[in-house]
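Below is one structure, written out as structure tokens; comments come after it.
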Amino acid sequence: MLFVLALVPLAATASETFSGRVRVVDADTWDVGGVRVRLHGIDAPELDQTCRYADGTEWRCGVWATQRVRVAYEGHKARCRPVDQDRYGRIVANCAVQGVDAAQVLVGKGLAFAYRKYSLAYVSHEWEARRRKAGLHAGEAQEPWLYRSAGADGAPGGTCRIKGNISSGGERIYHVPGQKHYARTKISPGKGERWFCSAAEARSAGWRAALQ
């Protein structure tokens, strides 16, 4: 299903809060009233990411985290304060539901990590979640930023093999191995092109699938 999002210029939201009903794309990426939002200061597992329990059993922690967040927040009204805009055009924001900081809740419940690269606001909440072995901390969970970097250069054998290409007309299109134009599609990070670890990640970042 294709979702058409309202394009909200950063200038229009940089100093203003906005609100709307939540549609959960993944644990840390929401649509709030039609605006694609990346929750500030946290990083949650990718949808295709797996983790390990203490006994070594693997589980789909990315899907699990997203489902938990969806149950808690889908359809609720959120109020967001913009902080920045990322390279994918998403508004990076602090969002609250019923007056409670959603990012703080997610980290505290072990559904996301404190994203120290951008904020130290939730580090203490992560420490507490680790102490309680809550959620992702019940076993071994690789930090999402490290997971994404695995194979990010597209080296043979890397896990991130989907090519996010930008056409001459500026359209963002992703190609998966085996498609007609995959082999001849070149990725130039300097132009904003990139590799993805899953089709879901590519769609979440704003790319569409190649037609062939």
Hey, what's the ring geometry for Tyr122 with His125, parallel, tilted or perpendicular (30° and 60° as the breaks)?
tilted
Does the Asp28 side chain pair with the main chain of Ala44, one donor and one acceptor, at a distance under 3.5 Å?
yes
Is Arg208 close to Arg203 at the side-chain level, that is, under 4.5 Å between some pair of heavy atoms?
no
Basic-acidic side-chain contact under 4.0 Å: Asp86, Arg38:
no
Kindly say whether Ala200 contributes a backbone atom to a donor-acceptor pair with the side chain of Ser204 at under 3.5 angstrom?
no
Below 4.5 Å, heavy atoms only, C-beta onward: do Tyr118 and Asp84 meet side chain to side chain?
no
Run the side-chain contact (heavy atoms from CB on, under 4.5 Å) test on Tyr73 and Val105 for me, step by step, so that the C-alpha distance in whole Å, both residues' side-chain angles and the decisive distance to 0.1 Å come before the verdict.
CA-CA 11 Å; Tyr73 291 108; Val105 172; 3.5 Å; yes
For Gln142, is there any backbone N or O sitting under 3.5 Å from a side-chain donor or acceptor partner on Gln49?
yes
side-chain contact (heavy atoms from CB on, under 4.5 Å), paired with His175, selected from Tyr182, Trp207, Phe196:
Tyr182
If the plane angle is over 60° it's perpendicular, under 30° parallel, otherwise tilted; pick one for Trp59 and Tyr53.
parallel
Is Arg116 paired with Glu126 through a side-chain N to carboxylate O contact shorter than 4.0 Å?
yes
Here's a test for you: under side-chain contact (heavy atoms from CB on, under 4.5 Å), which of Val24, Val25, Asp26, Val22 qualifies with Arg70?
Val24
Below 4.5 Å, heavy atoms only, C-beta onward: do Glu74 and Arg23 meet side chain to side chain?
yes
Is there a side-chain contact between Phe18 and Pro82, using heavy atoms and a 4.5 Å cut-off?
yes
